[in-house]
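Worksheet for the structure shown next.
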Amino acid sequence: MTSSGAILVLSGPSGAGKSSLIKRVSEVIGAHYFSISTTTRTIREGEKDGVDYYFVSIEEFEKDIEAEQFLEYALVHGNYYGTSVKPVKEALKAGKLVVFDIDVQGNMSVKNRFGDITTSVFITTPSLKELEHRLRLRGTDSEEIIQNRMQMAKREVQRISEYEFFIVNDDLEKAAKFLITIAKAARLKIPTSTINKFIIDWEN
Ligand code: 5GP
């Protein structure tokens, strides 16, 4: 059977080390497309427009909502974040594994639309204290934003059971190995339409 593309959703609090993990894993999981989201939040030091996110104004974002450009979008920490539908569809068509770094709301939207080819993973720190430590170490956010992110993290952690897998990122090497195994399996998911076609062909 030919590869028909699949989705790997990664969620977890900001500061849980998702980006570092994705970097590690992306070197070894083969052909994939990392979905670059669009956001209205301000750009952080070290980030690049078109690499980490497409940074746009609220007006531009709302225009894209109207034009139905987003596969899903959500308000996170008071900013808009969204996934554009076009590059995702193209990558899936090319048989790639599409990797999303999106929040719990986004996971639900993707699950509703592409449930049969989606694998979801929640990544977090060993504790709330450790998350606070990492956010402070990062040194990019104000006290208010750190408090905001921690409140948000508390709410997100309540929803871990909505995910198929759960990684506690206390050891980057171990966490990366675990995620590589999940990513390899994610690629093997087969769309319901392909299964149905197989059954008809198999009977004949
Ligand atoms: P940050 O501001 O730290 O880059 O991201 C904040 C949160 O927004 C993270 O939980 C991240 O997963 C989520 N996020 C980033 N892009 C998207 C997106 O396109 N859609 C949704 N629903 N959430 C996103």
Side-chain angles (χ1 to χ4, degrees), residues 7-23 25-26 33-58 60-62 64-65 67-89 91-92 98-115 118-125 128 131-160 162-163 165-167 169 175 179:
I7 293 173
L8 179 64
V9 171
L10 307 176
S11 300
S14 308
K18 270 176 297 173
S19 308
S20 317
L21 259 180
I22 291 166
K23 253 182 220 148
V25 169
S26 65
Y33 166 71
F34 180 73
S35 167
I36 302 169
S37 298
T38 303
T39 183
T40 58
R41 87 147 154 75
T42 46
I43 188 163
R44 275 190 210 129
E45 215 182 292
E47 284 182 328
K48 282 201 187 98
D49 186 26
V51 176
D52 299 282
Y53 283 104
Y54 297 108
F55 294 93
V56 300
S57 66
I58 295 175
E60 281 175 274
F61 199 100
E62 288 179 342
D64 281 355
I65 296 175
E68 296 184 353
Q69 300 275 1
F70 293 117
L71 186 152
E72 64 78 33
Y73 70 91
L75 261 178
V76 186
H77 314 303
N79 295 305
Y80 278 127
Y81 291 83
T83 310
S84 297
V85 70
K86 205 172 150 216
V88 171
K89 285 207 163 158
L92 286 176
V98 182
V99 183
F100 290 119
D101 171 355
I102 55 179
D103 81 327
V104 289
Q105 306 169 74
N107 175 49
M108 267 299 151
S109 306
V110 173
K111 203 171 170 177
N112 287 336
R113 194 151 164 187
F114 296 105
T118 298
T119 301
S120 59
V121 188
F122 194 94
I123 300 165
T124 188
T125 51
L128 183 63
L131 180 71
E132 182 176 10
H133 175 67
R134 290 193 200 170
L135 285 172
R136 293 199 187 285
L137 212 68
R138 190 156 82 177
T140 50
D141 300 324
S142 67
E143 183 57 32
E144 192 193 342
I145 289 177
I146 289 175
Q147 292 303 330
N148 204 328
R149 287 190 188 283
M150 282 169 56
Q151 286 309 317
M152 187 80 191
K154 275 199 208 169
R155 285 202 295 273
E156 286 201 320
V157 161
Q158 300 296 322
R159 294 176 64 173
I160 290 178
E162 291 173 17
Y163 291 77
F165 296 97
F166 167 42
I167 298 178
N169 185 15
L179 189 56

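Keep in mind that what you see is a predicted model, and the values were worked out from it rather than measured. Order of appearance sets the numbers: ligands from 1, and atoms from 1 within every ligand.
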Can you tell me if Ser84 uses its side chain to pair, donor with acceptor, with the backbone of Lys86 under 3.5 Å?
-> no
Could you check if a side-chain atom of Asn112 sits within less than 4.5 angstrom of a side-chain atom of Glu72, using non-hydrogen atoms only?
-> no
Is there any N or O on His77 that sits under 3.5 Å from an N or O of ligand 1?
-> no
Would you check whether Tyr73 reaches within less than 4.0 Å of ligand 1, judged by its heavy atoms?
-> no
Hey, is the main chain of Asn79 close enough, under 3.5 Å, to the side chain of Thr40 for a donor-acceptor pair?
-> no
Taking the side chain as every heavy atom from C-beta outward, state whether Ile7 and Leu92 have any atom pair closer than 4.5 Å.
-> yes
Have a look at ligand 1 and work out which part of Glu72, if any, has a heavy atom under 4.0 Å from it: side chain, backbone, both or neither.
-> side chain
For residues Val76 and Gln105, determine if any side-chain heavy atom of one lies less than 4.5 Å from a side-chain heavy atom of the other.
-> yes
Does ligand 1 have any atom that is closer than 4.0 Å to a heavy atom of Arg149?
-> yes
For atom 11 (C) of ligand 1, the closest protein heavy atom turns out to be Asp101 OD1, 3.6 Å
Looking at atom 2 (O) of ligand 1, what's its closest protein heavy atom, distance included?
-> Tyr81 OH, 2.5 Å
Validation row: Phe165, Thr119 side chains within 4.5 angstrom (heavy atoms) = yes
For ligand 1, does Glu47 get within less than 4.0 Å through its side chain, its backbone, both, or neither, judged by non-hydrogen atoms?
-> neither
Distance from atom 22 (N) of ligand 1 to nearest protein heavy atom, with residue and atom = Asp103 OD1, 2.7 Å
Check whether any heavy atom of Gly12 sits under 4.0 Å from an atom of ligand 1.
-> yes
What protein heavy atom is closest to atom 19 (O) of ligand 1, reported as residue, atom name and distance in Å?
-> Ser37 OG, 2.7 Å
In terms of atom number and element, which parts of ligand 1 are under 4.0 angstrom from non-hydrogen atoms of Thr83?
-> 18 (C), 19 (O)
Enter the distance from Thr124:OG1 to Ile160:CD1 here, rounded to the nearest 0.5 Å.
-> 6.0 Å
Per the ring-ring contact (aromatic ring centres under 6.0 Å, His included) rule, which among Tyr80, Tyr81, Tyr54 passes with Phe61?
-> Tyr80
Between the side chains of Glu143 and Gln147, does any donor sit under 3.5 Å from an acceptor?
-> yes
With atoms numbered from 1 as shown, which atoms in ligand 1 lie under 4.0 angstrom from a non-hydrogen atom of Gly106?
-> 22 (N)
Is it true that Ser11 lies under 4.0 Å from ligand 1, counting heavy atoms only?
-> no
Quick one: does Arg138 get an N or O within less than 3.5 Å of an N or O on ligand 1?
-> no
Which residue holds the protein heavy atom closest to atom 9 (C) of ligand 1, what is that atom called, and what is the gap in Å?
-> Lys18 NZ, 3.8 Å
Side chain or backbone of Val76 under 4.0 Å from ligand 1, or both, or neither, by non-hydrogen atoms?
-> side chain
N/O to N/O below 3.5 Å, does that happen between Glu156 and ligand 1?
-> no
contact_flag Gln105 ligand 1 heavy-atom lt 4.0 Å = no
Is it true that Arg149 and Glu132 have a side-chain N and a carboxylate O under 4.0 angstrom from each other?
-> no
Salt bridge between Arg44 and Glu47, side-chain N to carboxylate O under 4.0 Å?
-> yes
One finds that the ligand 1 atoms under 4.0 Å from a non-hydrogen atom of Gly82 are 18 (C), 19 (O)
Go through ligand 1 atom by atom and flag the ones less than 4.0 Å from a non-hydrogen atom of Arg41.
-> 1 (P), 2 (O), 4 (O)
Atoms of ligand 1 less than 4.0 Å from Ala74 heavy atoms?
-> 22 (N)
the protein heavy atom lying closest to atom 5 (O) of ligand 1 turns out to be Tyr53 OH, 3.3 Å
Going by heavy atoms in the side chains, are Leu10 and Ile123 under 4.5 Å from each other?
-> yes
Distance-only, no hydrogens or angles: does the Glu60 side chain make a donor-acceptor pair with backbone N or O of Ser57 under 3.5 Å?
-> yes
